[in-house]
Every structure is written in C-alpha cells, then in structure tokens.
Undergrad: 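Structure incoming, see below.
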Number of protein chains: 2
Amino acid sequence: MRLKASPIKGTKDYLPEEMAVRDYVQNIILESYRQNGFQRISTPILEAIERLDKSEGGENLSLIFKILKRGAKLVLEQPMLAESDLVDYGLRYDLTLPLARYYANNRHLLRTPFKAIQMGKVFRAEQPQKGRLREFYQCDIDIIGDESFDAEQELIFVAGDTLSKLGFCDFVVKVNDRRILRSVVDSIGFGESEFSDVCISIDKLDKIGVEGVKKELGEKGLNLNSIEKLIEILTNNKLGELGLPSSCEFKIVESLNRVIKAANELSDGKFKVVYDGTLARGMGYYTGMVFEVVTPQWGFSIAGGGRYDNMIGRFLGEKTSAVGFSIGFERITSIIQESLLCPKEKISIAAIYEGDVFNAIKETTTRKQQGYSVTLLKKSKKIGKQLARLKEEGFDYVWFLGETSELKPLGGTC
Amino acid sequence: MRLKASPIKGTKDYLPEEMAVRDYVQNIILESYRQNGFQRISTPILEAIERLDKSEGGENLSLIFKILKRGAKLVLEQPMLAESDLVDYGLRYDLTLPLARYYANNRHLLRTPFKAIQMGKVFRAEQPQKGRLREFYQCDIDIIGDESFDAEQELIFVAGDTLSKLGFCDFVVKVNDRRILRSVVDSIGFGESEFSDVCISIDKLDKIGVEGVKKELGEKGLNLNSIEKLIEILTNNKLGELGLPSSCEFKIVESLNRVIKAANELSDGKFKVVYDGTLARGMGYYTGMVFEVVTPQWGFSIAGGGRYDNMIGRFLGEKTSAVGFSIGFERITSIIQESLLCPKEKISIAAIYEGDVFNAIKETTTRKQQGYSVTLLKKSKKIGKQLARLKEEGFDYVWFLGETSELKPLGGTC
C-alpha cells in the first residue's frame, strides 16, 4: 500500500521559494539583534514535562505535545493508568521557560545583564481548524538582570528598529503594565485567583469582542456585571486619569509615561508607542510592563512581550528580573511573502551538459567563484520543452556547456 | 521547591560562543550548497508514527521519540494496552524519510531533477552513556530524479568542496556499492533476510572490530565461520579483483571505478576518493552506491550517504531514484571549535552609560550603522571591577558614553 505523502495536520512543507524568504527574514532579524549587542544562544526543543507543567504559560499548557517514556520506564500494566505515568518529556511551547532554565544553568558563563537572542522552533497542539501551525518558528530577545525600565525601553527600540529594517512602517507598539491591570481588576472586586483568567480572556478582546470575553469569564463563574464594568474601565481609561489607590501605582504610571515618551522619540517617526489599558497578554508569568505590536493593515499582532520577574527565581532561588520581546516570525514572513518583497540571493544559471557530469563540474567552477548559483542539468532530447520548464522553474540564465561560454537570459519569474 | 536547571539528558544548552561557531558553519555549508544549484527546503520535525516505523532506518527505528495522543484520541481504559494505542506522531530521526514524503507531496512544484538542501534538527533516543546527543542538527543534500552515476559524482564533489571550504583537508571519501556487498554476502551463503543485519553490523567494523561484528551477528543466529569468511573477503578485496558472478555486477564495478577516478580528478588534490569493500552504512534503505568521509586526525566519519532508489516510490507509486549526502554537522562543528578556528562576526563595543538608557541608544546609532555590535551597559559603582568583567566577557572595546567618542581597546579574548 502506498504511504500517504501529506505532512501531518498543522505542519507544513516549505518550498524553495518560501525557504528563501524565511532565511532572508531570519538573517535580517539576527543581524539587527547582534548589532544591538544581543547574543544568540540555543536551548533544546525537548524539555522535562514537570518544568513545562509548572511554567505558567496560560492556555498553552493544555497544548503541550508530550513524549512517551521509553524502555523499562514505560509500564503499561498498572491499575488506574494516568497520562502522567506515561510521559517524561514534552516539546517546548515557547522560548521563555527554556531561557529561564538556561540562565539559571549557565549564569556564571554569561554577561551581566545578559542580552539573549533565541531563534528556533516551538510546538503547540492547536486545533487545526483554527488555521494555526502546530510547529512554528519564534524569534525572541530578552534582557536578564536589569530591573530598571531601561530594559523595556531598549527592547522596544530594538524590536521596532528590527521591524523597520524588515520594511514595516506605521506600526504601533501598545504598552500596558500588569500591575495597573491588577489594581483595576482588584478595584472591581475580583480576587487574586481570578486575575489570571481575566488576563487570558481580556487578551482576546480584539478577536472575540466584549460578548466573547463575557461568555468565557461567565463560564468560569465570574460576575457578569463586574466583567462589563471592568471592560468599560479598561477600554476608556487614559494613563494619568486612572483612579489608582497607592503611590506605588502612581510611580508605575509615571514610568510607563516616561518609557512611552522616550520610545516615541527614539523611533524617529518609524513607529508609534501608545498606552492601551486593555492590553493584557495571555501568559500567566508576566509581572510588569507588557507590549504588543500591531499594524494598521493586518488584523493581528506581529510581536509582543513583557516583564517576567519571577520565573528565573524559581530555578535560581533568588529573584532575577527579566524582560522579553518575541517577534511573530510566521506572521511577519507571510506578510513579507504576500507583499512580493521577493529576495533573491544569487543569480541562477541552468547549466546544460551532455555526456558525463565530470566536464560540466569542471567548466562551471569559475562562474560559481564569481558568485552565481549554477545548477547542472543533463540535456533533454526535447530541448524546447526543457527550456520552457527551466524558465518556469525560475532560472535567470541558461548556459549550454561545451558549446559556448555565453549565458542566455531566460526571463525567469521571481 | 526549586526547579532543576540542567537540560534533560542527551540535550545541550549552547553558549553564545558556541552559537557563533554553529551559525558560521551553517552559513558556509548553506552558501556552498546554494552556489552549486541546490535549493533549501524544510520539512516538519513531527512525523506520522506509521511512516517512521516503515522507514527502513536500521537501528534508528528503536530510537524514535514518540508523541502521546491528545484529547479524546487517548483512551487509557482498555484491556491489553499497547504502545501503538497511545501514540500517533513521532520526532524525525533523520532528514531522508521526510524528504521522500516531501518530494512525493510537492513534486509538481519542484525542479527536475530536484537538488535539495535540508538543514535542521533530528532526534534519537540514544543511550546517554554513549555520549551521543539525543537532539542534534543535520545538513543534507540530495539529488532526486537522476538514475545515472552523475548524481553520485556531483554529490561527492559538492560535499567534498564544502568540507574544503570549512577548512578540512586530507580527508578521504570511502565508497562502495550495496549491490557488490550483497553479491559477496550471497556468495557466502547468507539469505536475503540476513542482508540488512549484516549491513548494520559490518557498518560498525571500525568501532567494534571483527570480534564485535561476530558477536552481534552470532547473537542473531548467523553462522560464525561464514561471518569470519565474509569479513576476510570484504577487508581484503580490491575493486576489479572481485569474483563477481554476473555481467550486471561487472558493470557496477566499472561505474564505481569511473566515479572514483573522476571524483579524484575533480577534488584537485583537496581530498581522496577510495574504494572500501567493508563500507556498508547502517540504514536499510540504501540500494546502490554508499559513501562515507573520514579524516586522518579524527577517529570517526564526518559525512556519509548513498543511493536509495526505492524509498520515494513507496509514497509516489512509481520508482524514483535518489542519492543523498549528509554532513555530520555536530562532529564538524566540534572539530572546528577545538581547532580554534574562531569566527567573530562583528567588533563588539561595551558602551557604558549613566542615567537613562535613552541618550545611550541615541548616541550609539552611528556606530551600529558602521557595523559594530554595541552592547549598552549601565555604569557600575565599582568601575574597575566592571571593566575587568567586560574584558573577561570578550568585548573588544569599551566606550564611556557622554564623556568621549573614543573607543578604548579591552584586549578581549576571542
């Protein structure tokens, strides 16, 4: 029986043209981050399941791909078998928990503060009908060990600068602070334990609307009138006009204002930074400022992040501040692909040979040294058909080896 | 309780210096492959477990990380629960099976013949005591749709050329043909079904020696005298002196000789190509020529591959020839790292600021545009200590922002 050839649902085969764009985008991001003094590191995709389970990742915790135990560790004959008896590892669902573990494990070998770049695959068992990928690429920068708002300011600048370099303009960085959000949520009368549910749902306000948020939180048993009041306050509040109870929170508002002002000046008109009282972000681990980048043309965020001062301490045993910004690589790449910003790294030559490949390899050496990409192809009996196909396949030039040293333009499509 | 910070066994955290080398090696390989007309594609890490199970991957089939089913698909309350009831996906253990599936799925969108580059992570549940990584990076090139020996010739050239560009010299490409091996194994009196076990064990001759091979195959019930005779023949035979029974096999020997001769001429003295009668390669899917690259200085192979003409047909329903070459990225990178070929992409400046980061970001813009990597750092109260640390951390220059525009060399270690 023939084996099925399509990839498993929620995953994707990338064609050469798509990989050219992905490599191009990755290189620009990596280059920009390195220029700004960030250093690339890498962590394993495989993570211990107990660490993933305790990672405060909001709804992502229910989307973890889990790895079956192996060999003698896997015992199937036992009463009341539970999922937890069967698995030891999982696939990372983001790059933040692995970074926290990494920092705790390698701190003595790293700079202080440590400015990290991470680029790699993450995995989430999303419902395929959502049209979301289950295996996708993320690009993060984080500053670890700087408790001041300098870290937020620098991250907003570097992420914005990088998005500009990728050709984005007129985008908006929305900012908020989890502590302001918490103080509003508290003032409505919700308890400590309800805050995380409120954040998860409020984060989807753009997508599911007021009714959606009410439905989600109502199902979790929260008072409907209070939810309505909360959304009302969050939607309409303006920074500086908040009736905040403590001086500590006034300080936060002041700092937030300062960061917004500075970031707008540094952006040099390339992007705007604004306060958004409804910005929550879904992860449970955020403790301070949160940010999200939206574009006027595309109805979804293209980057986001925030401060998470408690996560690393759970590994290290001492409080270690951290702020991160993640660029939505898949979304950005699909926008760049659709906008026909089509990068072509090299001029491509289809070099046609007859007989043995030996002479063809010899004859094409110089052109390769000159920087061309040379694809060797055996001459087909139907040369007209072959040329038509080479044109279709996107080659720039054809070169008949042995006959001429001339390159004939094919007018290849990009 | 504090969470454990070390990565799970068999996986690795990569430090910034290590990632710089890995990125450098990857770029050289990718650049060289693209220059030679190969095109990068990408396949998912997640694969259907039934495809992995049927992939003829030799001993790797017992090393597959398996993913637990999710949601309603996972039924734990059933009599005689088997592993196969619990899993639907697995992690790819190499890039060859995914490529075969990919080609069958996307053939109509690809060039003919298709010259593919794949670079990505693969996973094997190796015994940690072997010192092998369970999550590692592979770099493959394959030519699909060329049944002539041209494909082998080109792949040997391109792989050799790429290893040269990475600084390797004096390496040896060993070649053999599975059909010659099979004819010798047949002549000893082993049956069809024993051939795959023979290949798996003979492949380890370098590592486990004659006694090791005898032990492994003896345990599988093969006749000890015959094994000894087989090793004797394989070790001592010379191409052209083989007592091969059929004219078909003489043709193979002739072609092998021709490929070796051509490859040696094309290598331009940078590497040697030789026949090795004991070369088997462990994978079950090889059908023709096999190759392996060894270096005089390092006691293991650094690249290998071969022809596998039957795999794609199992997806496509029609025979499709294919040859592949895989560079052992992890081994190569560790050699390059040890040989102190230390790439540094940018000159790094530690830019020290006081007060707010805002002015620091502004002041350093020009230097970044000039191509420096600029790391912003808040001035410490103990500046002497801070400078000593910056030197230790490998920065090239220190720059006191606000005071001077001068860069002071730190003599950072590479």
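Naming convention: chains lettered A, B, ... in sequence-line order (proteins, then strands); numbering from 1 in each chain.
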Undergrad: Would you mind telling me which of B:Gln369, B:Gln386, B:Lys115, B:Glu77 has the largest number of heavy-atom pairs within less than 4.5 Å of chain A?
TA: B:Lys115

Undergrad: To the nearest 0.5 angstrom, please state how far the CG atom of A:Leu74 sits from the CD atom of B:Glu83.
TA: 5.5 Å

Undergrad: Quick one: what part of B:Phe149 sits under 4.5 Å from any heavy atom of chain A, side chain, backbone, both or neither?
TA: neither

Undergrad: Name the region of A:Arg70, side chain, backbone, both or neither, that has any atom closer than 4.5 Å to a heavy atom of chain B.
TA: side chain

Undergrad: Picking from A:Val158, A:Ile67, A:Val259, which has the most non-hydrogen pairs under 4.5 angstrom with chain B?
TA: A:Ile67

Undergrad: Return the minimal non-hydrogen interatomic distance between B:Pro44 and A:Lys121, and the atom names on each side.
TA: CA-NZ, 4.4 Å

Undergrad: Could you grab the distance from atom CD of B:Gln118 to atom CE of A:Met19, nearest 0.5 Å is fine?
TA: 9.5 Å

Undergrad: At a 4.5 Å cut-off on heavy atoms, which part of B:Val87 comes close to chain A: side chain, backbone, both, or neither?
TA: side chain

Undergrad: Examine whether an atom of B:Ala100 lies under 4.5 Å from a heavy atom of chain A, and if so say whether it belongs to the side chain, the backbone or both; otherwise answer neither.
TA: neither

Undergrad: When you look at A:Arg34 and B:Ser348, which way does the side-chain contact (heavy atoms from CB on, under 4.5 Å) test go after all the steps?
TA: CA-CA 9 Å; A:Arg34 282 199 163 133; B:Ser348 61; over 6 Å; no

Undergrad: Are A:Asp268 and B:Lys362 ion-paired here, with the side-chain N under 4.0 Å from a carboxylate O?
TA: no

Undergrad: Using heavy-atom distances under 4.5 Å, tell me whether B:Thr112 contacts chain A through its side chain, its backbone, both, or neither.
TA: both

Undergrad: Between B:Asp23 and A:Arg40, which heavy-atom pair has the shortest distance, and what is it?
TA: OD1-NH1, 2.9 Å

Undergrad: Check whether B:Ile41 gets within reach of chain A through its side chain, its backbone, both or neither, counting any heavy atom under 4.5 Å.
TA: both

Undergrad: Any idea which of B:Thr375, B:Asp356, B:Leu376, B:Val357 has the most non-hydrogen atom pairs under 4.5 angstrom with chain A?
TA: B:Val357

Undergrad: Out of B:Ala360, B:Ala262, B:Ala263, return the one with the most heavy atom pairs under 4.5 angstrom to chain A.
TA: B:Ala262

Undergrad: Determine whether B:Glu17 and A:Leu109 satisfy the following criterion, side-chain contact (heavy atoms from CB on, under 4.5 Å), listing intermediate values before the conclusion.
TA: CA-CA 10 Å; B:Glu17 310 81 90; A:Leu109 301 167; 5.9 Å; no

Undergrad: I'd like to know if B:Asp161 pairs up with A:Lys368 as an ion pair, taking the criterion as any Lys NZ or Arg NE/NH1/NH2 lying under 4.0 Å from an Asp or Glu carboxylate oxygen.
TA: no

Undergrad: Cationic tip of A:Arg134 within the cone over B:Tyr89's six-membered ring, i.e. under 6.0 Å and within 45° of the normal?
TA: no

Undergrad: What residue in A:Glu135, A:Lys66, A:Arg314, A:Arg111 has the most heavy-atom pairs under 4.5 Å with chain B?
TA: A:Arg111

Undergrad: Can you say whether A:Ala116 sits under 4.5 Å from chain B via the side chain, the backbone, both, or neither, judging by heavy atoms?
TA: neither

Undergrad: What part of B:Phe315 lies closer than 4.5 angstrom to a heavy atom of chain A: side chain, backbone, both or neither?
TA: both

Undergrad: Which atoms of B:Leu30 come close to chain A, meaning under 4.5 Å heavy atom to heavy atom: side chain ones, backbone ones, both, or neither?
TA: side chain

Undergrad: Against the six-membered ring of B:Phe358, is A:Arg258 placed for a cation-pi contact (under 6.0 Å from the centre, within 45° of the normal)?
TA: no

Undergrad: Do you know which of A:Leu46, A:Leu110, A:Asn106 has the most heavy-atom pairs with chain B at a distance under 4.5 angstrom?
TA: A:Leu46

Undergrad: Please flag which part of A:Glu18 lies under 4.5 Å from any non-hydrogen atom of chain B: side chain, backbone, both or neither.
TA: neither

Undergrad: Specify which of A:Ser42, A:Gly37, A:Ala350 makes the most heavy-atom pairs with chain B at under 4.5 Å.
TA: A:Ser42

Undergrad: Check B:Pro7 against A:Asn105 and note the closest heavy-atom contact, atom names and distance.
TA: CD-ND2, 3.3 Å

Undergrad: Does B:Thr43 offer a backbone N or O that forms a donor-acceptor pair with the side chain of A:Asp13 under 3.5 Å?
TA: no

Undergrad: Going from CG on A:Leu91 to CD1 on B:Ile45, what distance comes out if it is rounded to the nearest 0.5 angstrom?
TA: 8.5 Å

Undergrad: Step through the shown structure and confirm whether more than 12 heavy atoms of other residues, nucleotides or ligands are within 6.0 Å of CD on A:Glu147.
TA: no

Undergrad: For A:Lys165, I'd like to know if atom NZ has over 12 heavy atoms of other residues, nucleotides or ligands within 6.0 Å.
TA: yes

Undergrad: Hey, which of A:Leu86, A:Ile361, A:Ile117 has the most heavy atom pairs under 4.5 Å with chain B?
TA: A:Ile361

Undergrad: So does B:Tyr14 get a backbone contact from the side chain of A:Tyr102, meaning a donor-acceptor N/O pair under 3.5 Å?
TA: yes

Undergrad: Can we say A:Lys378 and B:Asp146 salt-bridge, meaning some charged N sits less than 4.0 Å from an Asp/Glu carboxylate O?
TA: no

Undergrad: So which atom in B:Leu3 and which in A:Lys54 form the shortest heavy-atom distance, rounded to 0.1 Å?
TA: CD2-CD, 3.9 Å

Undergrad: Can you tell me how far apart CZ (B:Arg367) and CD (A:Gln35) are? Round to the nearest 0.5 Å.
TA: 12.5 Å

Undergrad: For each of B:Ile349, B:Leu316, B:Thr365, tally heavy-atom pairs with chain A at distances under 4.5 Å, and name the one with the top tally.
TA: B:Leu316

Undergrad: Between A:Asp150 and B:Gly355, which heavy-atom pair has the shortest distance, and what is it?
TA: OD2-O, 3.8 Å

Undergrad: To the nearest 0.5 Å, how far apart are CG in A:Asn36 and OG1 in B:Thr364?
TA: 7.5 Å

Undergrad: Does some side-chain heavy atom of B:Ile8 sit less than 4.5 Å from a side-chain heavy atom of A:Arg51?
TA: yes

Undergrad: Is any side-chain N of the basic residue among A:Glu50 and B:Lys4 closer than 4.0 Å to the acidic one's carboxylate O?
TA: no

Undergrad: Please report the closest heavy-atom contact between B:Pro113 and A:Leu377, naming both atoms and the distance.
TA: CD-CD2, 3.6 Å

Undergrad: Rounded to the nearest 0.5 Å, how far does OG of A:Ser373 lie from CD of B:Gln39?
TA: 8.0 Å

Undergrad: Under a 4.5 Å cutoff for heavy-atom pairs, which residue among A:Asp88, A:Thr11, A:Leu266, A:Ile143 has the most contacts with chain B?
TA: A:Leu266

Undergrad: Relative to chain A, which segment of B:Tyr103 carries a heavy atom at a distance below 4.5 Å: side chain, backbone, both, or neither?
TA: neither

Undergrad: Pick one of side chain, backbone, both or neither for B:Phe114, based on which atoms fall under 4.5 Å of a heavy atom in chain A.
TA: side chain

